[in-house]
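Everything below concerns the one structure shown next.
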Number of protein chains: 2
Amino acid sequence: MEIKDTVALLKSKGYRITPQRVAIIRILRDHEGHPGVEEVFRSVIQVHPNISMATVYNVMEVLEKEGIIKAIANSKKSRRYDSEVKPHGHFICNSCGRVFDIPMKYYEACLKVFPSEMTDFEVNSFELTIKGICPDCKKKLL
Amino acid sequence: MEIKDTVALLKSKGYRITPQRVAIIRILRDHEGHPGVEEVFRSVIQVHPNISMATVYNVMEVLEKEGIIKAIANSKKSRRYDSEVKPHGHFICNSCGRVFDIPMKYYEACLKVFPSEMTDFEVNSFELTIKGICPDCKKKLL
DNA sequence: TTCATTGCAAAAGTTTTGCACGTGC
DNA sequence: GCACGTGCAAAACTTTTGCAATGAA
């Protein structure tokens, strides 16, 4: 999504467009991978030297609530986010903790696993999480 | 798995069978749902009043490493475990944080989503995580 | 006996909160 | 100007670590 579209979306929801929010939105758009709060903070502090972690947490929460980013299910380490909100899977390396995207060519097949008897559950997001060892770590472990 | 089988497995891997480990294994077997470390601690402290969190963390880590329990991918709140290690999905309520099991009738269909070009990744676990609002919270939110 | 494991306490790391001040609208 | 958002500092939590004492094999 274009930055100005994201900004427009936030504005339409009644959020104020602060330079800190815009900066974080820009950083997330340019960032490759799956940054954590700490990583976003380290980037945004170069533009806004006085910004605090509390603000980063606040902005990330707003962006997640509005569906602009997605929190990644991740049992180890701390929270990470994905600015790709289209359904796809994640591979989490048990050794280095890195998160890899899995292209969900067969997403439709996966959708079928949601049982019909659970219709009372309101589905917001749908994520496939695979854990294991990534190729790099496999080499190192040998 | 029977407690004595779990104990035998640990013993065969060279772990010592301490009363604390046995107590936690027993608690996990009897516990319904998806306890966190804190919850396990509150149960085990009734049998071993001097046990410390560090020991609970230690035991849970051993059990997870040996495939006796599984850590649940969970971006919010703290780590939770599942003593059901057979592949199945989880529904995580964004409102109350509870974890519901999803019977994976269509697990085979889901397996297909792992792309053939990612053969260099070693898959340890495969989990479907769906987030949304559970029926109870939906009622409360109305 | 021996060495893995425990309990404790402290440290490290993550996330939340309260509040005064600043700023977008 | 008003109310929301920010920055700061402290608090609340979660998880890890170092080490002396303990106890399973």
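The figures that follow rest on heavy atoms only: side chains count, while hydrogens, waters and symmetry mates do not. Every chain is numbered from 1, with letters handed out A, B, ... down the list of sequences.
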Checklist entry - Looking at A:Glu61 and A:Lys65, does any basic side-chain N land under 4.0 Å from a carboxylate oxygen? => result no

In whole angstrom, give the distance that lies between atom [atom1] of [X] and atom [atom2] of [N].
X       : N      : atom1 : atom2 : value
A:Leu10 : C:dG24 : CG    : C1'   : 14 Å
B:His48 : D:dG23 : NE2   : P     : 12 Å
A:Ile17 : D:dT6  : CD1   : C1'   : 15 Å
B:Ile45 : C:dT6  : CD1   : C1'   : 14 Å
A:Glu66 : D:dG5  : CD    : P     : 11 Å
B:Asn50 : C:dC8  : CG    : C1'   : 11 Å
A:Leu63 : D:dG5  : CG    : P     : 12 Å
A:Met53 : D:dC13 : CE    : P     : 19 Å

Item to check | 5' precedence on DNA chain D between B:Gln20 and B:Tyr57 (nearest-nucleotide basis) | outcome: B:Tyr57

Checklist outcome for this item: Note: for A:Pro49 and B:Lys11 on DNA chain D, the residue whose nearest nucleotide lies more 5' is A:Pro49

Checklist entry - Should we say atom CD of B:Glu66 is surrounded by more than 12 heavy atoms from elsewhere, each under 6.0 Å from it? => result yes

Can you figure out which of [options] approaches the side chain of [X] most closely?
X       : options               : value
A:Thr18 : D:dT6, C:dT5, C:dT15  : D:dT6
A:Ala54 : C:dG24, D:dA24, D:dC8 : D:dC8
A:Asn58 : C:dG7, C:dT6, D:dT6   : D:dT6

Checklist entry - Can you find a donor-acceptor pair, distance only, under 3.5 Å between A:Arg16 side chain and D:dC4 base? => result yes

Checklist entry - With a 4.5 Å limit on heavy-atom distance, are the side chains of A:Ile17 and A:Leu10 in contact? => result yes

Checklist entry - Do you know which two heavy atoms are closest between B:Met60 and B:Ile24, and how far apart they sit? => result SD-CG2, 4.0 Å

Checklist entry - Is there a path from B:Val56 to B:Val47 through hydrophobic residues (I, L, V, M, F, W, Y) whose side chains come within less than 4.5 Å of each other? => result no

